[in-house]
Amino acid sequence: MKEQKTPLLNRIHIESLGIRSFAMVGALIIIWVLFTILTDGTFISVRNLSNLFRLTGIMGILVIGMVGCLVSGVFDLSIGSVVGLTGAITGILLEQMGMHYLVAFSISLLVGVAIGVWQGFWIAYRGVPAFIVTLGGMMIFRGITVLVTNGCSIPISNRPFAVFGQGYMPQWLNIVIGVFGVIAFILFDQQHRNKRKSYNFALQSSLLMMLKYIAMLVIVAVFVFSLNSYQGIPYSVVILIIFYLLFAFIYNKTQYGRYVYAVGGNQVAAKLSGIDIKKIYMKVFIIMGLLSALAGNLLTSRLATATPNAGNGFELDTIASCVIGGISLAGGRGALFGAIVGTLVMTSLENGMSLMNMTAAWQDVVKGLILLSAVWFDVANKKK
Amino acid sequence: MNSKDEETIVNEKDFLVFENITKYFSSVKVLDQVNCTIKKGEVHALVGENGAGKSTLVKILAGVYPTPEYSGTIYLEGNPCDFKNIRHAEEAGVCIIYQELELIPSMSVSENIFLGYEPKNHGIIDHDRMYRDAAILLDQLNAATIHPETLVERLSVGKQQIVAICRALSKHAKIIIFDEPTSALSDSEVNILFSIIRNLKEQGVTCIYISHKLNRILEISESITVLRDGKSIISGPRDDFDEQALITHMVGRELEKKYPRCSHTAGDVVLEVRDFTVIDPSIPKTLVDHVSFSVRTGEILGFAGLMGAGRTELFMALFGAYDDYDITGEVYLNGTLLSIKTPRDAIKRGIGLVVENRKEHGLVSCMHIINNSILANIPNMVSSFGTIDENLAIKQTETYAQEFSLRYSSLEQLVGSLSGGNQQKVVISKSLMPNPTVLIMDEPTRGIDVKAKFDIYNIMNKLIDEGVAIVMVSSELPEILGMSDRIMVMCEGKLTGEVFYHDATQEKIMEYATKIKE
Ligand SMILES: Nc1ncnc2c1ncn2[C@@H]1O[C@H](COP(=O)(O)OP(=O)(O)OP(=O)(O)O)[C@@H](O)[C@H]1O
Ligand SMILES: [Mg+2]
């Protein structure tokens, strides 16, 4: 009897997950088509897409860290300021102190880690609510940014550093990586499938599986060849993909990832199950600090300047992306993949509206409405 | 079932009729053509195994799952009714006390009782009246010791149950549904509840009563319906049944005895506790007062006592669960002094705890069965790079699920959607997985049906044979008497007595359990 029931409920489970992802991807396609029409095709031009993906690369890095925060049940409001501060530090070290770019970059990342330790310490070991600690952090680090830059932008002329946020992967390498990527994806998926089969767990139908592979192949091929037809894949996108894979692994397969979900789902039960909650929060904020610093450097490199107000408002954009992507603010729920798609939705909106010359004020109105309707979609779906 | 000519006397006999109720969750059929007729002013009991569909049936009546979510009709006083939501049902006089308490921990007792129905004075909440009315209600339940201004989170589960009952009483309901109200109450408290129910009956209130305590069901109910696998198996007046008959209908076969006592031979002392004291500095109150005892391998040590005797606090403190209580005393494991600061330390040293409050302390309800079951054992399941060995995780979960005959549709089902009793089985599995040498079980069989209880007792026996020492905290005296080898009794934070099982009687234990109060 159990065996008969298993596939049934599971299919529903998968389908309900599927609805979320399909809706997200569907919304993304609609947004793209809409902007393509509204901008007479400028939006879909490879040059613009390359630009869009580069922005997504930076925001996506932040989203990866924020997923850890939100799933474990806390916020980080300081990341915009950390982005600004770490960018400024790199700028100063490069331009005013004349350091080697790798040294400057490493120091800047270390500052990100140190900020994570600082905030994690107050939250985990001193019991100050994360909201307050990071709200304070938002002010503190923005203030420090303005202090160290004297409120002026620092133009950056260091070539190798600029490549980091502006450069592209060699085109032949893109094709090689694309081919291997697709093969690896299929192999991993098959392995996963066989494992599920051996446990009598529900499986996706073979048709859906084939469709998935074909979709994967088409997306990768279109992505690689269209970007290659411009200049190649931007480094920041490659960095995002690497970090996405790494963290998808961490959040889904490792002890740490499982603990993050458990702590966010029910903190007391997690603690009584022997989980060191303080350590988990410490790690969540250290990772967030490191990723913020990485994003700060990418942004600085892309703009070729460190500005004192760089990253302003990133924290809210990042949280909005996560929420659009199905991460629950109550903690314990949501997947990294959705959050990344959510990021693409947000950056597409921003990019498309800028192309249409909409003012920042209107952009905010639209983004706010999208956020509202995405969450409403979730709530309405859950009721059914 | 109800022909047309009967509708004239509908008010008396067919006060509440469930007709062909069928309900699916996703595509799993949970209720299958359930029929049931309830008379006005009677106490009607619903019994069945864990996951039989009892809670689901009453939730349909209470408007939790409104129509298109189920099929079939409910007639109240002859009229088909279909409540759109809980409030709608409450206004029509149907109130439910949920199995998993739905109280707001950070609000006071009186605020919880009147939540959504606060007495108002020109639109402003009349706190004085609310406070007074709450005190009256609590008094009616002989629970005047609960202060209306205490925060609910400060109360034990048992006291929280009483608050929930007050909440239903405050709404002057026509029908009150008790979904396992007694699982957290001790016998004397159940007696109080029963006198309240009889009182309600005299006022013409109809009660639907769900419980796994079959002897007490036979005591209070006038008619009984048995559910099995979502079907109504049999329905009839109380006199048609005895305990054995109920079990047979529930389980579908006969079950020989309730407590599988085996003869154990106690070995060496494993856990020794000396002078253990727990003080809550914020009130301040001494919760556990200089308690000393020891546990040996191969024995089940029972901890009896009334609700609030400090047993849960003792073991939660011992397990390292409290951060802000002052704890003094010594704990020795196999002769070495332990310093346990967090549950993590305790688990590492081989101490396991099955928590009393599964919803708040036991389960992560948005995670599935596998992730909940392995939660305490993940450190033993990691391979390279901190990755969890999923194969091992699934295998172990499956082993325990089978051993406990867990009722689930898939191991990937969220535990929040399991029936109450099956959730309890997941909590126990979780504590067993790290293979503890001392297992503390706080109300291990709360909300569990007879057959599953039997399974759990058998597992306890098996663990004993494997050399595990078990501490069983329970408010159910028959269980304490039926399973423990040695019994400790606590009262108001102090140890008041120790009895070996051959000398133990209900009277003796109750005497120790109330020693200080008199
Ligand atoms: N929200 C839900 N989603 C999916 N399945 C559910 C949900 N709620 C209940 N179920 C399933 O419905 C079945 C009946 O559950 P129900 O809670 O009615 O049982 P019960 O008779 O009250 O059991 P218990 O004595 O353990 O409380 C169970 O198998 C449970 O897993
Ligand atoms: Mg139930």
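So you know, we letter chains A, B, ... as the sequences are listed, proteins then strands, and number each from 1.
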Atom of [X], atom of [Y] and distance for their closest heavy-atom approach:
| X | Y | result |
| --- | --- | --- |
| Val364(B) | Ala269(A) | CG2-CB, 4.4 Å |
| Ala262(A) | Leu375(B) | CB-CD1, 3.7 Å |
| Cys366(B) | Gly332(A) | SG-O, 3.8 Å |

For chain B, find its close neighbours in residues 250-259 of chain A: heavy-atom separation under 4.5 Å, sorted by number, or none.
-> Asn252(A), Lys253(A), Thr254(A), Gln255(A), Arg258(A), Tyr259(A)
Side-chain contact test, heavy atoms from C-beta onward, threshold under 4.5 Å: evaluate it for [X] versus [Y] and give yes or no.
| X | Y | answer |
| --- | --- | --- |
| Asn266(A) | Met367(B) | no |
| Thr387(B) | Phe249(A) | yes |
| Ile275(A) | Arg344(B) | no |

Select one option (side chain, backbone, both, neither) describing which atoms of [X] are under 4.5 Å from chain A's heavy atoms.
| X | result |
| --- | --- |
| Asn391(B) | both |
| Leu363(B) | backbone |
| Met316(B) | side chain |

Top contributor to chain A contacts, counting heavy-atom pairs under 4.5 Å, from [options]:
| options | value |
| --- | --- |
| Met381(B), Glu390(B), Lys395(B) | Glu390(B) |
| Ser365(B), Ala346(B), Pro379(B), Gly362(B) | Pro379(B) |
| Asn377(B), Leu353(B), Ile347(B), Ile388(B) | Ile388(B) |
| Asn371(B), Val382(B), Asn372(B) | Asn371(B) |

Got a sec, which residues hit ring pair (Phe, Tyr, Trp, His ring centres under 6.0 Å) with Tyr65(B), two or more places apart in sequence or on another chain?
-> Phe25(B)
Separation between OG (Ser273(A)) and CD1 (Ile378(B)), nearest 0.5 Å, reads 9.0 Å
Flag if over 12 foreign heavy atoms under 6.0 Å of [atom1], [X]:
| X | atom1 | result |
| --- | --- | --- |
| Tyr125(A) | OH | yes |
| Arg154(B) | CZ | no |
| Lys197(A) | NZ | no |

